[in-house]
Amino acid sequence: MSDSEDDMPLAQRGGGAVPVGALQNNILPLPRALPDPRSAPTLTAMPLPGVRQAAVVAAAKMRPPEKAAKKAVPVAPKPAKRKAADDDGKAGKAKKQRTIEPRSAAKAKPKKEGAVEDKSLKWNLLEHSGVLFPPEYTPHGVKMLYDGRLVDLTPEQEEVATMFAVMKATDYMQKPKFLSNFWAGFREVLGPKHVVKCLDKADFTPIYDWFMAEREKKKTLPKEEKERMKKEKEAAEAKYKFALVDGRKEQVGNFRVEPPGLFRGRGEHPKMGMIKRRIFPRDITINIGEGAPLPEHPYVGQDWREVRHDKTVTWLAFWKDPISEKDYKYVWLAANSQFKSESDLQKYEKARKLKLHIDKIREDYERAWESGRVQERQMGVALYFIDKLALRAGHEKDDDEADTVGCCNLKVENVECLANNHIKFDFLGKDSIRYENEVAVKPRVWELVKQFCRGDKKGDKAAGDQLFDTMDANDLNKRLKELMDGLSVKVFRTYNASIVLDQLLHKESASETVDEKKGDYDRANKEVAILCNHQRAVPKGHSGQMEKLEARLLELQGELDTLSVDYLAAQRAKNSAKAETLWRKVEKKKEQIAKVELNARAKEDLKMVALGTSKINYLDPRITIAWCKAREVPLEKVFNKSLLSKFFWAMDAPPDFRF
DNA sequence: CATTAGACTTGCAGCCATCGAC
DNA sequence: GTCGATGGCTGCAAGTCTAATG
């Protein structure tokens, strides 16, 4: 369907990205492999395995959400307030759980049959070493130029100048916004009376050159020196790498505090170029078990901003994002932790649950197209797009963020009604990645979109106006909750990505070798990536590499020709021994050519497609694992080391697992 | 009931170590 | 053994979504 028109087009997922429809047969063949949850070890009973916890044990701790999610809802009329233990103490906020506990327990998560522990609690014991701060700034003394003259800078000023100098070769230098934001920040650091009066006459080249030279120097360091430094670094980091959670040794994801620098927003971010200041202990809130030793830090005389013992959250530390006061930076455990893998499983189970409701939901939103109320119609169409095209929700954004959209905040200029019930989408989505797609839609949808673009009654809509002006992402999510417990927009993306993979992998295939099967897998993966519009920048040097491949092909072709001629000659000369040898060589050469051709095609094909994101975030690993088992493909062919580790919880999926 | 705070997931790019071709 | 392409890993930006708040 959509294989021919690669290249320019992007999310060109043709019309039928979601031909889901059937599959009722394999209704929830639940993760049979997971050990019976009822026999799960008690919370803290587990030993303290090293880094790698046994998958079985880990899996056992996670009940297959099936039974929990299913009927449990009406249960739990009993407020879960009993263990009001850890409360008191700490600062004002943090203490939300208690008051609202009954409510959330009653409606949302009535897990735990026997109710051994409160579901809102994520841990009982938590120990860790906090965060690792970046080194303090060491002045290099290299002077920048202003109007051709050397300029004296204080270490603080020099640090900021260096942040800028280092970015000399990036295309941020071409962005006026970046330059003006930087100048505003730099000017403040320079103070009012400084000789440097504007950016135009400032020349940071000396600092840039120094920086590049340093980098070179580091590269050419003797091997032993390099290794010594590496060892030192590792030793310094060692204690931060792990946390102790209820007796489990878990990897910490990001324990390094972000170093100061210039903010590199994506797309046309209004704040690009602003100075991201240094973060100190006084900025950081630590979350840790009550009895655990307080993490140390190198800043004498300074205290952590706050120390909490909040068992309802999974973060170890956070600070306010210095660029955007309303954002936070968190330190969490790594992807292979119990916290992360458990929610990963929940995510996929929720998506599988959607499968049971999807027919009804689709009927529902199609019916909404005929509603007398605009808002109904808009919700119906929005959900149709989300379901069909796997669009993101699209929440409202502030003016101090890049101007990007998702489904619910599409603007009228982002859609165009073409002939033949086609609609063309063209907008900047997350990370300012362009989504460009022409799709066939139901005639009624086409009509409605035309109508929404025009605006219903008074005042026609103009560019910049919301396509769905009577609803937003929150409204839609509220509606979804009525259709299925816990349902939200993003679940559709997970659902569609995973079900498409499941279906594609269950298509007939003549592939025999592992490489061929891997090809099947990658193609399926690619379909999903295209559906989700997971793009990447064309790798630099791509065209050069393609040319090389072309040249190589030509060369090989030449060799093949020569061999062929020789072979014919040998044959004519009745030299059968020689002919046979040559024949073999000809065959081999052909194979070689085919391989290079295949490689070239794949490379061209995937130059703009990123396969990784869907693998990491959208594709239920059990689909892949089951497929590997059934088709006898080593899992390592499709999952790298970190994926294998991240998905340890899914390893027992049976060969006949269906999403 | 709308807005915001807070927590957690998703996403791309760039660096860097490794791997495979010569 | 060298060299450059590949792909993994890290960094951190940018989404989503729910509960708390006023």
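- Heavy-atom nearest nucleotides on DNA chain B were determined for A:Thr494 and for A:Ala537, and the one closer to the 5' end corresponds to A:Thr494.
- Considering only side-chain N and O atoms, A:His269 lies under 4.0 angstrom from the phosphate OP1 or OP2 of C:dA14.
- Ring-plane geometry between A:Phe425 and A:Phe385 is classed as perpendicular, the angle between the planes exceeding 60 degrees on a 0 to 90 degree scale with a lower cut at 30.
- Within the 4.0 angstrom heavy-atom criterion, only backbone atoms of the sugar-phosphate kind lie near A:Gly265; the bases stay farther away.
- Per the geometry, CG belonging to A:Asn477 stands 16 Å off C1' belonging to B:dT3, to the nearest Å.
- Here C:dT10 is the nucleotide among C:dC9, B:dC8, C:dT10 with the atom lying nearest to any side-chain atom of A:Arg256.
- Here B:dT10 presents its P atom at 14 Å from CG of A:Asp431, a figure rounded to the nearest Å.
- Ring-centre distance between A:Phe263 and A:His269: below the 6.0 Å cut-off.
- Of the side-chain N and O atoms in A:Ser432, none sit less than 4.0 angstrom from OP1 or OP2 of C:dA14.
- Among the atoms of the strands shown, none is found under 4.0 Å from any heavy atom of A:Pro134.
- When each of B:dC15, B:dG11, B:dC8 is scored by its nearest atom to the side-chain atoms of A:Val313, the top-ranked nucleotide is B:dC8.
- Here A:Ala402 lies out of heavy-atom contact (under 4.0 Å) with every strand.
- Within 4.0 Å of A:Gly406, counting heavy atoms only, lies no atom of the nucleic acid at all.
- With A:Phe427 as the partner, the side chain to side chain contact (heavy atoms under 4.5 Å, CB included) test is satisfied by one option alone out of A:Asn409, A:Asn414, A:Asn437, A:Asp403: A:Asn414.
- Nucleic acid contact for A:Lys478: none, since no nucleic acid atom lies under 4.0 Å from a heavy atom of the residue.
- For the pair A:His534 and B:dG11, the criterion of a side-chain N or O lying under 4.0 Å from OP1 or OP2 is met.
- Distance CE (A:Met274) to C1' (C:dC12): 16 Å, rounded to an integer number of Å.
- Aromatic rings from A:His128 and A:Phe255 are positioned such that their centres are separated by 6.0 Å or more.
- Contact between the side-chain N/O atoms of A:Tyr618 and the OP1/OP2 oxygens of B:dG11 is found at a separation under 4.0 Å.
- Of the possible polar contacts, one joining the A:Tyr172 side chain to the A:Gly265 backbone as a donor-acceptor pair under 3.5 Å is found.
- Two residues, A:Pro259 and A:Gly394, neighbour DNA chain C, and the one matched to the more 5' nucleotide by heavy-atom proximity is A:Pro259.
- Minimum heavy-atom separation, A:Asp399 to A:Pro270: O-CG, 3.5 Å.
- OP1 or OP2 of C:dC9 sits under 4.0 Å from a side-chain N or O of A:Ser642.
- To the nearest angstrom, C1' of C:dA14 lies 14 Å from CG of A:Leu428.
- Under 4.0 angstrom from either OP1 or OP2 of C:dG15 there lies at least one side-chain N or O belonging to A:Thr404.
- Using a 4.0 Å heavy-atom cutoff across all strands shown, A:Arg536 reaches sugar-phosphate atoms only and no base atom.
- Contact between the side-chain N/O atoms of A:Lys329 and the OP1/OP2 oxygens of C:dA13 is found at a separation under 4.0 Å.
- Among the atoms of the strands shown, only primed sugar atoms or phosphate atoms (P, OP1, OP2) are found under 4.0 Å from some heavy atom of A:Lys490.
- What separates CG of A:Leu316 from P of B:dC8 is a distance of 11 Å, to the nearest Å.
- For A:Trp315, the side-chain atoms get nearest to B:dC8 when compared with the rest of B:dC8, B:dT10, C:dT16.
- Side-chain proximity of A:Glu258 to C:dC9, B:dT9, C:dA13: nearest is C:dA13.
- For the pair A:Leu619 CG and B:dT9 P, the computed distance is 17 Å after rounding to whole Å.
- Using a 4.5 Å cut-off on side-chain heavy atoms (C-beta onward), A:Phe242 and A:Ser129 make no contact.
- Across all strands shown, A:Ile433 has heavy atoms under 4.0 Å from sugar-phosphate atoms exclusively, and none from any base.
- In this structure, A:Trp332 reaches the bases: a heavy-atom distance under 4.0 Å links it to at least one base atom across the strands shown.
- Picking from B:dC12, B:dC8, C:dC17 the nucleotide with the shortest atom distance to the side chain of A:Ser488 gives C:dC17.
- A sub-4.0 Å separation between OP1 or OP2 of B:dC12 and a side-chain N or O of A:Thr613 is present.
- No side-chain donor-acceptor contact under 3.5 Å links A:Lys637 to the backbone of A:Lys518.
- When rounded to the nearest whole Å, the span between NZ of A:Lys271 and P of C:dC12 equals 18 Å.
- Looking at heavy-atom distances under 4.0 Å, A:Lys276 makes contact with sugar-phosphate atoms alone, never a base.
- Within the 4.0 angstrom heavy-atom criterion, only backbone atoms of the sugar-phosphate kind lie near A:Lys603; the bases stay farther away.
- As judged by a 4.0 angstrom heavy-atom cut-off over every strand, A:Lys481 is placed among residues touching the sugar-phosphate backbone only.
- At a threshold of 4.0 angstrom between heavy atoms, the contacts of A:Asn474 include nucleobase atoms, whether or not backbone atoms are also involved.
- Both A:Lys326 and A:Arg493 lie close to DNA chain B; mapped to their nearest nucleotides by heavy-atom distance, the more 5′-ward contact belongs to A:Lys326.
- Between A:Glu401 and A:Lys350, the residue whose closest nucleotide on DNA chain C is further toward the 5' end is A:Glu401.
- Distance, A:Asp321 CG to B:dT4 C1': 16 Å, rounded to whole Å.
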